[in-house]
Amino acid sequence: SKPTAMVPTEDLYTRLAELLHNTFILAADVYREFDLDFFDKTWITDRTLPLCHTASIHTPENREEVHETKTEDLLKAMINVSISWKEPLKHLVSALTALPGASESMGKKAADIKGRNLVILEGLQTIYNRSQANIEENENFDYPAWSGLEELQSPNEDTHLFAVYNLCRCIKRDIHKIDSYIKVLRCRVVFQNEC
Amino acid sequence: QSPPGKPEIHKCRSPDKETFTCWWNPGSDGGLPTNYSLTYSKEGEKNTYECPDYKTSGPNSCFFSKQYTSIWKIYIITVNATNEMGSSTSDPLYVDVTYIVEPEPPRNLTLEVKQLKDKKTYLWVKWLPPTITDVKTGWFTMEYEIRLKSEEADEWEIHFTGHQTQFKVFDLYPGQKYLVQTRCKPDHGYWSRWGQEKSIEIPNDFTLKDTTVWIIVAVLSAVICLIMVWAVALKGYSMMTCIFPPVPGPKIKGFDTHLLEKGKSEELLSALGCQDFPPTSDCEDLLVEFLEVDDNEDERLMPSHSKEYPGQGVKPTHLDPDSDSGHGSYDSHSLLSEKCEEPQAYPPAFHIPEITEKPENPEANIPPTPNPQNNTPNCHTDTSKSTTWPLPPGQHTRRSPYHSIADVCKLAGSPGDTLDSFLDKAEENVLKLSEDAGEEEVAVQEGAKSFPSDKQNTSWPPLQEKGPIVYAKPPDYVEIHKVNKDGVLSLLPKQRENHQTENPGVPETSKEYAKVSGVTDNNILVLVPDSRAQNTALLEESAKKVPPSLEQNQSEKDLASFTATSSNCRLQLGRLDYLDPTCFMHSFH
C-alpha cells in the first residue's frame, strides 16, 4: 500500500540514487566473480563482442551530450532500459543457479538484482510522472526485446558461457548508466547544478 | 638478432570520464630497432583503428581525446611490436571508460589551528576538488580521505570524510608538528594518488592559559580558606556554642519552679495534677450530717408517744401544750371533755377562767422578760396546770424541778446568793399555789408587793399540798433500767435505797417504770411514771369517796412546810420518788 503523504521529489531522487549505487555494487560483484572463474581465451578470442540488447536505446555518450539532453528524455530512456531487463534477468538467475562450478552467492545476488530492478523502475516512473505537466494516459514506452535465449540455452559450452558473460557485463553497464544519469538529474533538479 | 619480444599493456586510465590514456611495457627488441603500434576496436564493430595520439601522454603510451572516447562502450586494445626479423602482438585488453576513472588529487589544501569556547584546540583541514572534474553538475560524485601524522611518527592516521570538503581533527598534542594529505575517488572508480603534503605545528600557548586558570583557582581557594579561618578565629566562642550547645537540665512536665520559689504549694500541687486533700469544711459537713441523724431518731420517738397518747388521752393533752401549739389544740378538746367531767366535782366558773388564762401568760411574759421574770411565768403555768385535780399537780411538779435545776446551776457561783434565791422562789411558788385560779395574776402581783394574799392561801388547802410536791421533785439524774416492747423506758432513780429506807410501804415496781411524755427544746426527755398514773387513778377514786379526809391531810402538810425549810426537805424526800441532791447540798451548807 502506498503512504497517504507524498514523498518530496528531492527525497525520491536521494533514495533512488542510493538504491542504484548499491545495486551497481551487486552487479559488479557478479561480473568480477564470473570473470575470475570462467573467463577463458578459448571462448572469446575468436568471437566478436556483441552489442547489448539495450544498445538500440539512445543514451548520451559524453558529458556535453548529457547536459544537452532534457530531463524527461533522460528519464524516458532510463525507464525503457529498466523495462527491457525484466525478461533477461529471469533467465540469468536460472542460468547462474544451474551453472556447474558457480558459487551459491552468484545466484542469490542475481536474484537480488532482479528484485531491485523492479523497484528502480517504479521510482523512475514516479519521478517521470511528476515531471510531466500533461500526462498522456495511453503513452507507450518503446523497449527492445531480448533475443539471447537461444545462445543461453545452447548445448555448446563455449556458446553458453559466452552468452552468460554477455548478460553479466551488460546488466552491470546498464545499472551504472542509470545511476550516473540519476545523479546528474538530481544536481540539475534539486540543487540547480550546484552540488 | 631475433624478432621483438611480446609487449604488455600496463594500464588504461581516464581522469575526467571524457578522455583516457593507455600505457604499455615493451618487450625485448631483439637487437634491432623495433616499432610499436596500438590498435583497437569497439564492441559491436568489426573495424580496427590505430592509436590517435602517441605523443601527448609520453613514450609507450596512447592518448584518446574526447573525439575518440565513447562511454558505455568496450574498447578492445592490443599492442604490436615489429622489427626486421618479425613482429609479436600483446594480449587484448577490454576497457570500459566508466570503470577506469582515476581523478587527480584534491587541491588547495589548507591547515588552521582553532580553539573552541571551552579553550579546546583542534586542527581545521580544508580542500577543493580537482580542477578537471565536473562535480557541480553531478557528472562526478566524489568521496574523500585525509591522512595525518606527527613528524616523528611512522604510521599515518586515515580519516574517511565522505562527500564533504573540510574536516576537524581533535586531541592533538601541543608543541607537535603534524603532516597532512588528502585524496579522492569517484563513484565506482579508482582512488586518486595522495595530494601535496602540508605541515603545521600546534602551539603551547593554550597550555599556558590553562596553567593561568589553575593558578587563579588556587589563589581564590587560598583566599577563601584564609577568610574562613579568620572568621572562625573571631567567632570562636559562638562557633563552639553552635557545635556544642549547652545541655538542658531535666524538667518535670507541669512543674513551675516560680510557684515553688514563691512558696505556693497549692498551685504547685495543682500544676502537678495532684488532687487536693479534702477540705476541713467537708469534715464539718460530715459532723453536721451525723448530728442531723440524731435529730431524726428523736423525731421517731415522738410518734410512738403519740400512739400511746390515745390510750391515755387525758394525761398527754395536759403535758403537750407546753411543747407544741398543735398539741395545744388537742389540749383544748381534752380540756372541754375534762370540763364536762369535772362540773360534777367542781363549779364550772372555776374551769372557764383557767382556759382564758393559759394563752395570755406566754404573750405577757415575752416583752418584759428578764431571767428571773422568765422563771416566774413558768411557775404560773405550773400553777395553772396544778389546778386540775389530782393528775395535773403531779405532772407540773415533775417539769418544774428541771427548770429549777438549771437555775441552781447558774447560781452555784455564790452559795449565799443561791440560798436567798432559792428561798425567794419557794415563797413565790407557795404564793402562786395558794392563789385562786381566777385571780392568779392579781395574786402574783399582790404577793410580790405585800402579804395579804396569805389569807387566801389558807382558804385553798389542795393548792398548798401541791407546793411541796414541786420542791421535792427535781432529781438530776436517772438511770434507764430497760426498754419495753412498746418503747417505754424503765427508769431507776439513783437514790433508790434512800427512798426504800424512808418509804418502805411503797411498792418497788411502781418506782421502776415511766413513760416519755415529751421532748423539750433542749432535747430533754420528759418522763411520766406509769405507776403514778395507776396510783393517781386510785387516788381520784379515793378522793371522790372521802374528800374531807384528804383535804384535812393536805392542810396539815401545808402547815408543816411553812414551819421550816429543813422540815420541808424531809417531807419532800418522804413523799417523792425522785430526790434532788442539790437540796441535800444546800442543807449541808
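Just so it is clear: chains get the letters A, B, ... in the order the sequence lines come, proteins before strands, and each one is counted from 1.
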Please say whether more than 12 non-hydrogen atoms of neighbouring residues, nucleotides or ligands are located less than 6.0 Å from [atom1] in [X].
X	atom1	value
B/Phe170	CZ	yes
B/Glu197	CD	yes
A/Glu18	CD	no
A/Glu150	CD	no
A/Glu64	CD	yes
B/Gln196	CD	no

Measure [X] against the heavy atoms of chain A and call it side chain, backbone, both or neither at under 4.5 Å.
X	value
B/Phe140	neither
B/Glu43	both
B/Asp16	neither
B/Lys42	neither
B/Thr141	side chain
B/Ile74	both

| Pick from B/Ser41, B/Pro92, B/Gly44 with the largest number of heavy-atom pairs that fall under 4.5 Å of chain A |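 Option with the top pair count is B/Gly44.
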| field | Gap separating the CG atom of B/Asp96 from the CZ atom of A/Arg173, nearest 0.5 angstrom | value |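 Interatomic distance, B/Asp96 CG to A/Arg173 CZ, rounded to 0.5 Å: 5.5 Å.
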| task | Carefully, step by step, assess B/His188 and A/Asp179 under the rule side-chain hydrogen bond (donor to acceptor under 3.5 Å, both in side chains). | result | CA-CA 10 Å; B/His188 319 308; A/Asp179 177 43; 3.1 Å; yes
Proximity of [range] to chain B, residues having a non-hydrogen atom under 4.5 angstrom:
range	result
residues 110-117 of chain A	none
residues 182-195 of chain A	A/Lys183, A/Val184, A/Cys187, A/Asn193, A/Glu194, A/Cys195
residues 93-101 of chain A	none

| salt bridge (charged side-chain N to carboxylate O under 4.0 Å, His left out) partners of A/Lys177, counting only residues at least two apart |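 With neighbours one apart ignored, the set is empty.
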| field | side chain to side chain contact (heavy atoms under 4.5 Å, CB included) between A/Asn62 and B/Lys66, intermediate numbers included | value | CA-CA 8 Å; A/Asn62 53 57; B/Lys66 294 181 181 180; over 6 Å; no
| Can you say whether A/His21 sits under 4.5 Å from chain B via the side chain, the backbone, both, or neither, judging by heavy atoms? |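 For A/His21, backbone and side chain are both near chain B.
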| query | By a 4.5 Å heavy-atom criterion (distance strictly below it), what part of A/Asp174 contacts chain B: side chain, backbone, both, or neither? | reply |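 Neither; nothing under 4.5 Å.
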| Between B/Asp134 and A/Arg63, which heavy-atom pair has the shortest distance, and what is it? |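 Looks like OD2-NH1, 2.7 Å.
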| query | Which heavy atom of A/Lys172 sits nearest a heavy atom of B/Tyr99, and at what distance? | reply |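 So the minimum-distance heavy-atom pair works out to CE-CZ, 3.3 Å.
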